[in-house]
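FYI, side chains are in, hydrogens and waters are out, and symmetry mates aren't considered; it's all heavy atoms of this structure. Every chain is numbered from 1 and lettered A, B, ... according to where its sequence line falls, protein lines coming before strand lines.
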Protein chains: 2
Amino acid sequence: MRSEDIAKLAGVSRSTVSRVINNYPDIPQKTRDKVLKIIEQYHYEPNTSARVLAGKGTNTIGFFVVSLAEQHNVNRIYQNNYFAPFVDAVIDTANAAGYYVLVHTVYSKEDFVKVKQAFLQKRIDGGIIVGTQKDIDTVRDIGGLGMPLVLIDYDIGEIMEHHLDQNHLAIVNSKDYEGATAAMEYLIGLGHREIGFIAGRLTTFSGRQRAKAYEDALQRHGLPVEEAFRLKGEFLKQNAYDEAIRLIRSGRLPTAIFSANDDMAIAAMEALKEHGVRVPDDVSVIGFDDVPVASQIVPSLSSVRLPIYDMSREAVNKIVGMCEAGLSSFGTSSFPTQLIQRDSCRSLR
Amino acid sequence: MRSEDIAKLAGVSRSTVSRVINNYPDIPQKTRDKVLKIIEQYHYEPNTSARVLAGKGTNTIGFFVVSLAEQHNVNRIYQNNYFAPFVDAVIDTANAAGYYVLVHTVYSKEDFVKVKQAFLQKRIDGGIIVGTQKDIDTVRDIGGLGMPLVLIDYDIGEIMEHHLDQNHLAIVNSKDYEGATAAMEYLIGLGHREIGFIAGRLTTFSGRQRAKAYEDALQRHGLPVEEAFRLKGEFLKQNAYDEAIRLIRSGRLPTAIFSANDDMAIAAMEALKEHGVRVPDDVSVIGFDDVPVASQIVPSLSSVRLPIYDMSREAVNKIVGMCEAGLSSFGTSSFPTQLIQRDSCRSLR
DNA sequence: ATGAAAGCGCTAACAG
DNA sequence: CTGTTAGCGCTTTCAT
């Protein structure tokens, strides 16, 4: 069933059918109804490819989840408590806005060609990327295509510095620095002076912000900076677990550990537990992200809540705005986080 | 940049460019290289809409997640431990097979028109649906379109009974009946005779299978069938929590509870804990799905593991097979489950 | 207010 | 082996 068939059945021309479909104003109600009736009756739906080829948008956005470090992990992002909510929230919001969503995962540099192709082949009107590495090439590559792009968790400084075209680019972040600072102030307020840190991927903006907040807090309060207490977790459970074991074996433990995300905090807690170190009695632990499990484990994990739903909605709104109105809404939206106090931290006072 | 531009630059015709792109055999290496070089050089990518319009496939599959009961829950599927892994596994597998994935959520009957449109508008070559209700209309509607369709968790009996065209339809299930039976046998083997059940949505195939296995097990062992021990959870945490409270207040508890999924089992455990009922000391609990959290809570939850990754891969393989070769691979693939014993069940002997 | 016709970028007979 | 040509189904000037 093509528009021409509808046209014949309704006794009009294809142009008229097209006008009805696209809600052109100068068309009498009578004609409109006549055409609409046939369309209904035959369950006609215009062919998307033809419409796109004739100049319409695809009404589809791409959502790209970048997780380069997890390349060799079979249970990949769905074991990752950070990305899953973004995927769902973006889909929900975009669907509600009448957009289809093409979701693609990026585990390797090569996967990026698929992302680029999605744009270049005109499969999507615009795209959202989450988890981008501090890799200006990639951003320039994709951003240079001149198509609407929203980056979730990216340093606006990078963009400015490299003079990227900002007309179809937007950034959505969370206030990670503030959130991490809140976590540190909380621990310090509880009387902790020896505080360890499990770092995330420093190639991500949030990873760097959280690390910097840790360092700044120590310095601000004149607390000791122990290299041995600084673990490299890369946002991954396994790494955090291994590093925690190493720390335990070293014989010297801090009184508190701030982890750059909950997944790693939980992994570290497992390691501690297995070695007879009690949380929070011996060591306090606080995470980041406030993933659903955080409240379900024992002891429940204190954390910093990330407004993932708000961030996702903002990202979708921005991309839709750019796709439809050609709105060049450059700028960073930064969403506040919230300290969630639970049972994994104890006061030393 | 269009194929014509490439043609000019390479000194050939558009057809030749097309032949190179589509890997036609009868084209000399020299010509091929010449064209390929220009394509590389200009980062040319053929316009998907044009290719599709000219008869090619979209190389895109749709993945539709149906969760009708959660319509009014803001934190929807990403709070759902059952769907999230499917989403990710399908995307991963399809991406690896060179396919793009259009993901859409269905929370209401109206959302189904979006699903139908995705097919009718030729946005996808085929689709996978998970969570379909026992609603043959929907299946007939979508299946009647004549496009490749794979249903995850659906009763093949429904298909047969209604004489649906089976040439482009396949079903992928897990052995829920066997899995639920294993869970029941496990509890019974531990000496439990009063066993409660938290039912899932009986409109889903797995929901019905799990319920039937419960009933059959009781009957087979001549155990009492207490209506009061049969809770209606609809696969939702909140319902399970509320029902558990009701059961506790009734004053009579079974010695064990089999929950049709882990989310509900965990919710029930919370309710029990809040009312001073100890698990597994007072009541043993076993769930289904073996979601990641199951092993992380205290006590760790015994469960039945679902081979989500295998099911997803099979679904993708089937859909890809049907899309590419026009393979009419009708039939049901049914994947075995695995009983996972943890700390939430105790022996009464 | 509506129809005719050109064209979007590509593929696939058909010729040669 | 390669070029010419006719669509694929729709939108959109341009006429009328």
Side-chain angles (χ1 to χ4, degrees), chain A residues 1-36 38-39 42-60 117-125 145 147 324, chain B residues 1-39 42-60 117-125 145 147 323-324:
Chain A
M1 178 103 330
R2 302 156 308 149
S3 79
E4 181 158 7
D5 301 322
I6 299 296
K8 277 207 186 97
L9 288 161
V12 296
S13 74
R14 272 154 59 215
S15 332
T16 301
V17 172
S18 178
R19 288 189 184 99
V20 169
I21 289 171
N22 294 292
N23 269 309
Y24 273 54
D26 53 356
I27 190 156
Q29 195 57 40
K30 216 175 135 186
T31 312
R32 186 183 300 276
D33 289 343
K34 187 171 58 181
V35 174
L36 243 24
I38 304 287
I39 290 181
Y42 289 85
H43 303 296
Y44 166 73
E45 289 287 343
N47 182 305
T48 298
S49 297
R51 304 190 81 192
V52 173
L53 202 52
K56 293 288 189 184
T58 60
N59 242 267
T60 303
Q117 285 178 339
F119 282 94
L120 251 15
Q121 296 173 352
K122 297 281 153 63
R123 289 174 176 272
I124 53 182
D125 295 336
L145 267 30
M147 292 177 70
E324 291 183 353
Chain B
M1 178 103 329
R2 304 156 307 149
S3 79
E4 181 158 7
D5 301 321
I6 299 297
K8 276 205 186 99
L9 289 160
V12 297
S13 72
R14 273 155 57 214
S15 337
T16 301
V17 173
S18 178
R19 288 188 184 100
V20 169
I21 289 171
N22 295 292
N23 268 309
Y24 273 55
D26 52 357
I27 190 155
Q29 195 58 39
K30 216 177 136 185
T31 312
R32 185 182 301 277
D33 289 344
K34 186 173 57 182
V35 174
L36 244 24
K37 199 180 138 223
I38 304 287
I39 289 181
Y42 290 85
H43 303 297
Y44 166 74
E45 289 288 343
N47 181 306
T48 298
S49 297
R51 304 189 81 191
V52 172
L53 202 52
K56 292 288 190 185
T58 61
N59 241 269
T60 304
Q117 285 177 339
F119 282 94
L120 250 17
Q121 297 174 351
K122 296 281 155 60
R123 288 174 177 274
I124 54 181
D125 295 338
L145 267 30
M147 292 178 69
C323 290
E324 290 183 353

Trainee: Under 3.5 Å, is there a donor-acceptor pair between the B:R123 and A:T60 side chains?
Mentor: yes
Trainee: Run the side chain to side chain contact (heavy atoms under 4.5 Å, CB included) test on A:I6 and A:R14 for me, step by step, so that the C-alpha distance in whole Å, both residues' side-chain angles and the decisive distance to 0.1 Å come before the verdict.
Mentor: CA-CA 8 Å; A:I6 299 296; A:R14 272 154 59 215; over 6 Å; no
Trainee: Output the rounded distance in Å from CG (A:L53) to P (D:dC8).
Mentor: 13 Å
Trainee: Would you say the side chain of B:I39 lies within less than 4.5 Å of the side chain of B:I21, judging by non-hydrogen atoms?
Mentor: yes
Trainee: Return the 5'-most residue of the pair A:N47, B:G11 with respect to DNA chain D, ranking by each residue's nearest nucleotide.
Mentor: B:G11
Trainee: Could you tell me whether B:R2 and B:D5 have a side-chain N and a carboxylate O separated by less than 4.0 Å?
Mentor: yes
Trainee: State the dot-bracket string of DNA chain D. Criteria: Watson-Crick or G-U wobble, both atom distances under 3.5 angstrom; notation: ( ) intrastrand, [ ] crossing earlier pairs, | interstrand, . unpaired.
Mentor: ||||||||||||||||
Trainee: At less than 4.0 Å, is any side-chain N or O atom of B:R2 found next to OP1 or OP2 of C:dG9? Yes or no.
Mentor: yes
Trainee: Between A:N22 (CG) and D:dC10 (P), how many Å, whole number?
Mentor: 11 Å
Trainee: What integer distance in Å separates B:D26:CG from D:dT2:C1'?
Mentor: 9 Å
Trainee: To the nearest Å, how far apart are A:K30 NZ and C:dT2 P?
Mentor: 10 Å
Trainee: Just do the side chain to side chain contact (heavy atoms under 4.5 Å, CB included) check on A:K56 and A:N22 with the steps written out, would you?
Mentor: CA-CA 10 Å; A:K56 293 288 189 184; A:N22 294 292; 3.3 Å; yes
Trainee: Is there a donor N/O on one and an acceptor N/O on the other, under 3.5 Å, for the side chain of B:S15 and the base of D:dT4?
Mentor: yes
